[in-house]
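Everything below concerns the one structure shown next.
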Amino acid sequence: LFKTLLCEGFFYSIISSYLNCFLYKFDNSFMKASIQHILFSFIAFSFTYGISYLTKIELVNYAIVLSFLFQWMLFIPAYFLQTEKFFDISGSFNFIIITSFIYYNSFIEYGFNLGNLVLSFLIIIWAVRLGSFLFYRIKKDGEDKRFREIKPYPAKFFMTWTLQGTWVSICSLCAITGMSADKGIIINPLFYLGLVIFILGFAIEVIADYQKTKFRKNPKNKNHFITSGLWSYSRHPNYLGEISLWTGIAIISFSSLSDWQYISLISPIFIYMLLVHISGINFLEASSNKKWGHLQTYQDYIKKTPKLLF
């Protein structure tokens, strides 16, 4: 998700323009770009940690730092090997690591909590499924072309891994905050409502990915766009599922939050803004328009099929 944000990201464009004011003294464009990337990495980390700090839960702060350290550690072999092949799956492992870290430490401090166990299970199952799907996809494709202009530059590549730490941390923030609270995840009607929404969103994401993968495997569909199955109701049903399941997780966590901890509910808002307005849909829509924008069938598909649900 954050790979396209490097070139298309709204936040990066704004911050870069401000950084230019302070970096005018550097004539070397490479040096200037490198400093921009490092500063943006620092800003991304500081912003994420700042939100977690407001929850006033020390364990959450530790988890956020752990998330970024994991990303930075993997950047080293990735850069020297000049590979992005384990980038996506490392994000999934990151979710698993910080969720397990929170669950274990909450268990040690407060004892067994069924809600914590269920929520941890949901996140881990999602992460394993998505990580394996993305890993096998890049293994089949051989490379992610968007990384061709990123890998050779250490600062820019480092920023990529840092941004993934931001994605993991903010997406999971409401869950790990709720699990770290004194009472942990509370099982009540909101919990069951969130659980239903998560299951529905997860099912939509899995089915959409399966349908598109099956469509692409058919040689007859080469250079064609999918309009069948869930893709006949939404142009991006996989993103609809992603947004829905994280909304479900936020609802599950809601009753455990208090005071400034409610700021962690930025999680589903963040994933919605990222997928709809910053990188995901915008990037794919632009790419699709270049391929099929001249076709009347594609124009008809866009007119009658919403991006998500409406």
Side-chain angles (χ1 to χ4, degrees), residues 1-54 60-95 97-98 101 134 138 143-173 263 266-267 270-271 273-275 277-280 282-283:
L1 297 177
F2 275 93
K3 290 175 287 188
T4 54
L5 190 138
L6 297 175
C7 297
E8 307 291 340
F10 175 70
F11 295 126
Y12 179 63
S13 299
I14 291 180
I15 293 175
S16 291
S17 64
Y18 281 101
L19 292 177
N20 282 329
C21 297
F22 298 95
L23 298 174
Y24 65 91
K25 63 180 69 177
F26 293 96
D27 296 327
N28 188 306
S29 59
F30 174 77
M31 177 67 73
K32 183 177 180 180
S34 296
I35 293 175
Q36 284 180 332
H37 296 144
I38 292 172
L39 285 176
F40 187 74
S41 297
F42 175 76
I43 291 169
F45 168 74
S46 300
F47 173 75
T48 308
Y49 185 81
I51 295 175
S52 73
Y53 184 80
L54 291 174
V60 174
N61 297 334
Y62 289 151
I64 298 303
V65 172
L66 177 63
S67 174
F68 280 93
L69 288 177
F70 178 72
Q71 294 296 135
W72 294 335
M73 178 183 68
L74 290 181
F75 155 75
I76 298 173
Y79 175 70
F80 284 106
L81 295 174
Q82 284 293 285
T83 181
E84 76 285 359
K85 290 186 177 179
F86 57 86
F87 179 81
D88 288 322
I89 198 168
S90 70
S92 295
F93 271 117
N94 201 340
F95 275 104
I97 288 171
I98 65 172
F101 172 79
L134 295 175
I138 195 171
E143 68 167 337
D144 189 324
K145 296 180 181 179
R146 289 170 292 185
F147 272 90
R148 288 180 180 176
E149 301 300 321
I150 297 175
K151 291 183 293 184
Y153 306 100
K156 193 172 186 178
F157 201 26
F158 176 79
M159 184 176 69
T160 313
W161 289 87
T162 301
L163 288 173
Q164 182 159 255
T166 300
W167 170 58
V168 172
S169 299
I170 296 182
C171 279
S172 60
L173 189 58
I263 198 172
I266 191 178
S267 296
F270 173 79
I271 195 67
M273 295 298 295
L274 178 67
L275 293 179
H277 297 293
I278 300 176
S279 62
N282 285 342
F283 179 83

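The basis for the numbers below is simple: all heavy atoms, side chains too, and nothing from hydrogens, waters or symmetry mates.
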Pairwise distance [atom1]([X]) to [atom2]([Y]) - rounded to 0.5 angstrom:
| X | Y | atom1 | atom2 | answer |
| --- | --- | --- | --- | --- |
| N61 | L54 | CG | CG | 9.5 Å |
| I263 | L173 | CD1 | CG | 8.5 Å |
| E149 | K156 | CD | NZ | 7.0 Å |
| I51 | S46 | CD1 | OG | 11.5 Å |
| T48 | L163 | OG1 | CG | 9.0 Å |
| I64 | F45 | CD1 | CZ | 9.0 Å |

Can you name the closest pair of heavy atoms from [X] and [Y] and give their distance?
| X | Y | answer |
| --- | --- | --- |
| Q82 | K151 | NE2-O, 2.9 Å |
| G165 | S169 | O-OG, 2.7 Å |
| V168 | G91 | CG2-O, 3.8 Å |
| F68 | A44 | CZ-O, 4.4 Å |
| H277 | N282 | O-ND2, 2.8 Å |
| S90 | F70 | O-CE2, 3.2 Å |

What I'd like to find out is whether the side chain of [X] reaches to under 4.5 Å of the side chain of [Y], using heavy atoms alone.
| X | Y | value |
| --- | --- | --- |
| W167 | N94 | no |
| F270 | C171 | yes |
| F157 | T160 | yes |
| F158 | W72 | yes |

Review point. Are the aromatic rings of W161 and F87 close, with centres under 6.0 Å apart?
Key: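 Centroid distance W161-F87: below 6.0 Å, so yes.
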**Study point:** I170 backbone acceptor or donor facing S267 side chain under 3.5 Å
**Key:**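 Yes; at least one donor-acceptor contact below 3.5 Å.
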Point to revise | F86 atom CZ: more than 12 heavy-atom contacts under 6.0 Å | key: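 Atom CZ in F86 is crowded, with more than 12 foreign heavy atoms closer than 6.0 Å.
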**Study point:** Flag if over 12 foreign heavy atoms under 6.0 Å of CZ, F101
**Key:**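 More than 12 heavy atoms, drawn from other residues, nucleotides or ligands, come within 6.0 Å of this atom.
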